[in-house]
Amino acid sequence: MKSETTITQKEVDVVLHVGAPKTGSSALQVFLLENVEALLKSGYYYPEHGVDVNRVSGGHSDIGVCLFQGKYKEAEGKIAKHLAVAQSKNATLVLSGESYYGFPEFFKNALKDYRVKVICFYRNVKDAVPSFYNQLVKRHFYSKPFEEYILAPSSVAENPSVNGDNILLWSKEFKSDFLLVPYERQQFPDQSIEKFFMSMIGVAGGFEFNPAHVNSSYNASSLELKRRFNFLLSQKEMKLNGALDRSLQWFSDNYEEPRMNLYALLNAEQLQKVNDVFKAIYERVYQNVGSNFLWEPEFVVEAVVSSHGGPMHYMYSFPFVAFSAKSKFPEEYAQLRSFLAKASMGKRSDYKVNSLCEAFNLDSSSVDYSEWELLVEKLLKDEAKIPDMLRDVGKYSLDMGDVEGASKLVKKALERRPNGKYIQKLDAHIDMLLKKSREHNLIRQE
């Protein structure tokens with residue numbers, strides 16, 4: 001780390017942590033919140049804020065909410081109150097919020113009379129994009145599969161939170177007072193963003209570190225269950241979405257699962273397109289704000305890391321995820337089950353919806369199957385659609401844990417459409433699972 005970037009408390013009035021999104025902000029905010037008194041003894045005032053049941057927060061997001069609503073005077077007023085308290089305690093104010101990330105010009109004007117240091121963590125775009133996708137599914141009702149998301153221009157090239165536009169704006173406004181930290185945990189003391197942040201502000205010792213996960217990405221099973229729920233949820237169900245998020249966040253934090261390699265869903269041509277965009281973003285950012293980085297960030301050209309297992313493998317079944325969440329959040333479980341019973345009426349022909357109903361133990365006695373019957377009749381009349389039906393039912397069987405049944409269905413689909421790329425990929429994935437299962441059984445027998 002460049003020694004001149006370490007902040008000295010007496011030489012700065014405000015330390016502003018602005019994210020970027022998906023760089024451990026919630027973990028850092030919880031740590032600062034749990035060490036308010038120790039920070040104050042070291043000369044830093046961190047205003048308190050709330051957290052949810054999973055210890056997730058947006059930091060001092062009340063300021064960010066005002067900014068998103070265009071209430072700039074109200075946001076300035078909140079900052080002024082925090083500054084007044086900090087000055088009364090003869091301390092440096094520390095504010096944290098990912099919601100600040102898109103408003104560098106506002107903060108430059110609001111804090112023009114103060115000495116400010118802005119800290120921003122920069123995540124390699126290759127790693128940031130899957131996290132952004134996870135967050136969209138997790139909190140913003142996104143229901144499209146990753147391969148559709150990553151190939152849409154707005155997901156990367158036109159997204160200022162990903163393409164470097166916001167970073168360039170912060171650098172323009174704050175110049176050398178804008179400090180960019182590559183989000184590479186191997187560079188942090190004990191791979192801890194909290195300890196690294198403390199070293200940046202020149203403070204060490206006397207702090208409590210909680211190793212528990214905070215606002216981590218969903219594991220693979222939770223992510224796919226939530227994606228399927230998003231076909232039924234909308235902005236009208238914000239509270240219900242929050243209940244589902246709390247349940248799945250708890251499950252993800254307590255049931256570890258091998259990370260999915262989402263890039264494995266892309267073919268070679270698609271990967272090349274994505275990789276070219278990633279490289280252009282990195283080069284543009286580094287060429288324009290390289291001097292703001294504490295060290296040169298990594299850039300890995302290869303987008304796929306094959307050691308992460310298959311993209312469609314979920315360790316935990318949806319019924320297990322739902323049942324586990326029920327034990328911790330019985331009220332939320334009841335709300336979700338009640339919503340699902342109503343929202344799924346007439347939609348059970350969709351395997352995504354049907355898999356959710358099975359997960360929440362909803363029987364089919366009261367479900368109208370007329371829509372499903374019409375769909376089957378239509379598919380059987382159209383020979384060209386039969387491989388699609390076999391493929392989708394095979395995928396559903398796989399999700400329900402019937403790997404051998406899924407294999408038979410998908411191979412039937414492959415007989416009818418031998419050049420189908422997705423069918424080929426699904427068939428290869430199922431063969432790999434069957435091979436692993438047989439090897440496991442042989443080991444057990446020995």
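Looking at R228 and E224, a side-chain N of the basic residue comes within less than 4.0 Å of a carboxylate O on the acidic one, giving a salt bridge. The existence of a salt bridge linking R391 and D427 is excluded, since no basic side-chain nitrogen approaches an acidic carboxylate oxygen closer than 4.0 Å.
N219 and S252 make their closest contact through N-OG, 3.0 Å (heavy atoms, listed as atom of the first residue, atom of the second, distance). Of all heavy-atom pairs between W295 and E184, the closest is NE1-OE1, 3.1 Å.
Residues that satisfy the salt bridge (Lys or Arg N to Asp or Glu O under 4.0 Å) test with R123, not counting sequence neighbours, are absent from this structure.
Note that OH of Y218 is 8.5 Å distant from CG of L223, once rounded to the nearest 0.5 Å.
Ring-plane geometry between W250 and F329 is classed as perpendicular, the angle between the planes exceeding 60 degrees on a 0 to 90 degree scale with a lower cut at 30. In this pair, F107 and Y100 present their aromatic rings tilted. The plane angle is within the 30 to 60° band.
In this model, no donor atom of one side chain and acceptor atom of the other lie less than 3.5 Å apart for K138 and N230.
Environment of CD in E148: crowded, with over 12 heavy atoms of neighbouring residues, nucleotides or ligands closer than 6.0 Å.
Judged by a 6.0 Å distance limit and a 45° cone about the ring axis, K126 is not positioned over the six-membered ring of F278.
For the salt bridge (charged side-chain N to carboxylate O under 4.0 Å, His left out) criterion with D388, the lone passing option out of R417, K412, R416 is R417. The ring-ring contact (aromatic ring centres under 6.0 Å, His included) test with Y46 singles out one residue from H82, H60, H17, and that residue is H60.
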